[in-house]
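Source: prediction; values computed, not measured. Values reported hereafter were calculated over all heavy atoms of this structure, with side chains retained and with hydrogens, waters and symmetry mates removed.
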Amino acid sequence: MTRNTGEKAEGLAIEVRRQLGAEAVTRFLRTLPAFRTEADIPDRLRELLDRLDGAERGDIGWRRR
């Protein structure tokens with residue numbers, strides 16, 4: 001991969017992450033059935049999802065104990 005191609009790929013990855021992180025996209029994705037969580041999922045799975053949310057926010061409590 002040439003330097004120019006690598007720079008384009010990196011720029012594209014940054015742009016995709018920026019757009020996927022946008023609040024409007026997040027709201028839209030939550031309306032889609034594939035991106036909704038079920039209300040009756042097992043407690044262990046709910047705990048893991050909560051830890052994942054914390055990791056994405058940068059909370060300290062998600063780290064391995």
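Between Thr26 and Leu20, the shortest heavy-atom distance links the atoms OG1-O, 3.9 Å. When all heavy atoms of Gln19 and Val25 are compared, the pair lying nearest together is O-CG2, 3.3 Å.
Separating the CZ atom in Arg44 from the CG atom in Leu49 is a distance of 10.5 Å, to the nearest 0.5 Å. Rounded to the nearest 0.5 angstrom, Leu48 CG and Ile41 CD1 are separated by 9.0 Å.
Contact annotation: the side chain of Asp50 never approaches that of Glu47 to less than 4.5 Å [non-hydrogen atoms, C-beta and beyond]. Between Lys8 and Leu12, every side-chain heavy-atom pair lies at or beyond the 4.5 Å cut-off.
Annotation: Glu15, atom CD; neighbour count of heavy atoms from other residues, nucleotides and ligands within 6.0 Å is above 12.
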